[in-house]
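This report concerns only the one structure given below.
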Amino acid sequence: MISMLPNRQVIRVGEIEIGGRQPVFIAGPCAVESRGQLWRIAAGVKQAGAHILRGGIFKPRTSVHSFQGVGAKSEREAVEALGWLKDAGQAFAMPTITEVRCESHIALVAPYSDILQIGARNMYNQDLLVAVARQGKPILFKRHFGATLEEFLSFAEYITDAGNADIILCERGILSFGKGQAFARYTPDIVAVPILQRLSRFPVVVDPSHATGRRNLVFPMSCAAIAAGACGLMIEVHYAPAEALSDGEQMITPDEFAEVVRVCRLIHAQLPA
Ligand code: PEP
Ligand code: MN
């Protein structure tokens, strides 16, 4: 039987192991909107089985007219929202993750986030990669939607070269063609999971939320990712997706997330050790 764990590096964040024997679930809202919103979602995802709390404070958006994240309003509001994230993480015993969109965010975000996220659009931003790497915190590194696997791994080397080997690779969907976007925003590149895990030592997680952009596709693509050997999933969750200020169409509820966790654990238990 082929082992799913060749020489995989295990990344420890507090009590949590990413790349270890059990799949890791990262969950939370697309964007942090208020203390109450984050608190309620943190409680829900924790109860459903999440290990790590996500929440965007600086949002990368396609349109300048879309909500840019609480952090974009002012530094004071960014720090306040970062405090909500840290507090909710501590209250529900979950390490935290949020995105750093540019170099000026790094010093602001680092004291509040256990893992720093590099968004898909910044995969090619070598100066940002080097600067984030120097913080010494684990990095969740998202693949650009137009990047080849060679490019993805090549840009990960900017992080290792800057002295940080704690990289979690995240497959988040690649561009589709023809009418593809009518059905799913991107195409989850599931085959990238076993390939990246063979070509590198880094644990690979999948983000089925951004990869599909459709809430009804999150469950099947989560199952597919775990069956393909992913070390974990990052999923956007909201108690009232229709009210969300960003990505409402792809967020699932805490109950739906609990079902994803339950079934993915069953699938994972059937895989070779
Ligand atoms: C996110 O995870 O919040 C996000 C914006 O994803 P991506 O960078 O993959 O679009
Ligand atoms: Mn989102």
Side-chain angles (χ1 to χ4, degrees), residues 24-33 37-38 41 45 50 52-64 66-72 78 81-82 85 96-102 105 109 113-125 128-129 132 138-147 151-152 155-156 167-176 181 184-190 192-193 196 204-215 217-218 221-222 225 230 232-253 257:
V24 163
F25 297 94
I26 305 169
C30 174
V32 173
E33 296 171 9
Q37 174 246 21
L38 183 62
I41 293 171
V45 298
I52 297 172
L53 179 64
R54 69 151 278 149
I57 285 162
F58 300 101
K59 295 304 304 173
R61 299 309 301 271
T62 301
S63 170
V64 71
S66 302
F67 175 60
Q68 307 286 311
V70 182
L82 286 161
L85 183 65
T96 53
I97 174 168
T98 197
E99 175 167 352
V100 277
R101 213 180 48 201
C102 63
H105 294 160
V109 168
S113 192
D114 299 295
I115 302 171
L116 302 175
Q117 177 171 325
I118 301 281
R121 289 156 189 79
N122 268 319
M123 189 206 90
Y124 292 105
N125 188 341
L128 181 64
L129 303 188
V132 174
I139 295 170
L140 184 130
F141 185 43
K142 297 190 99 173
R143 178 185 180 189
H144 187 277
F145 36 78
E151 284 175 313
F152 189 25
F155 277 84
I167 302 172
I168 304 147
L169 299 175
C170 181
E171 161 54 37
R172 50 78 71 215
I174 53 175
L175 285 171
S176 190
Q181 290 193 339
R185 190 161 178 218
Y186 296 96
T187 297
D189 189 8
I190 298 296
V193 174
L196 289 169
V204 178
V205 303
V206 171
D207 169 353
S209 306
H210 292 94
T212 63
R214 304 283 191 282
R215 86 170 51 87
L217 298 177
V218 170
M221 291 302 99
S222 296
L233 299 170
M234 180 157 84
I235 298 184
E236 290 189 339
V237 178
H238 198 294
Y239 49 84
E243 289 169 18
L245 297 180
S246 64
D247 284 349
E249 59 292 345
Q250 71 196 29
M251 280 196 276
I252 59 173
T253 63
F257 173 64

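Atoms within a ligand are numbered from 1 in the order they appear, just like the ligands themselves.
- When distances from the Mn ion (ligand 2) to the N, O or S atoms of Asp247 are compared, OD2 comes out shortest.
- Classification of Arg54 and Glu236 as a salt-bridged pair holds, one side-chain N sitting under 4.0 Å from a carboxylate O.
- Relative ring orientation between Tyr124 and Phe155 is described as perpendicular, the plane-to-plane angle rising above 60° on a 0-90° scale split at 30° and 60°.
- Taking a cutoff of 4.0 Å between a charged side-chain nitrogen and a carboxylate oxygen, Lys59 and Asp247 do not qualify as a salt bridge.
- Under the 3.5 Å distance criterion, the side-chain polar atoms of Arg121 are left unmatched by any main-chain donor or acceptor of Phe145.
- At least one donor-acceptor pair closer than 3.5 Å links the side chain of Glu171 to the backbone N or O of Gly173.
- When each of Lys142, Arg185, Arg172 is checked for a salt bridge (charged side-chain N to carboxylate O under 4.0 Å, His left out) with Asp207, only Lys142 meets the rule.
- Under the side-chain hydrogen bond (donor to acceptor under 3.5 Å, both in side chains) criterion, Ser113 pairs with no residue at all, not counting sequence neighbours.
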For ligand 1, which of its N or O atoms have a protein N or O partner closer than 3.5 Å, and how long is each gap?
residue: ligand 1; atom: 2 (O); partner: Arg54; partner atom: NH1; Å: 2.9
residue: ligand 1; atom: 2 (O); partner: Gln117; partner atom: NE2; Å: 2.9
residue: ligand 1; atom: 2 (O); partner: Lys142; partner atom: NZ; Å: 2.7
residue: ligand 1; atom: 3 (O); partner: Arg54; partner atom: NH1; Å: 3.4
residue: ligand 1; atom: 3 (O); partner: Arg54; partner atom: NH2; Å: 2.9
residue: ligand 1; atom: 3 (O); partner: Lys59; partner atom: NZ; Å: 2.9
residue: ligand 1; atom: 6 (O); partner: Lys142; partner atom: NZ; Å: 2.8
residue: ligand 1; atom: 8 (O); partner: Ala120; partner atom: N; Å: 2.8
residue: ligand 1; atom: 9 (O); partner: Lys142; partner atom: NZ; Å: 2.9
residue: ligand 1; atom: 9 (O); partner: Arg172; partner atom: NE; Å: 2.6
residue: ligand 1; atom: 9 (O); partner: Arg172; partner atom: NH2; Å: 3.4
residue: ligand 1; atom: 10 (O); partner: Arg121; partner atom: NH1; Å: 2.9
residue: ligand 1; atom: 10 (O); partner: Arg172; partner atom: NH2; Å: 2.8

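- Our summary of the site lists the angle at the Mn ion (ligand 2) between NE2 of His210 and OE2 of Glu236 as 80°, to the nearest 10 degrees.
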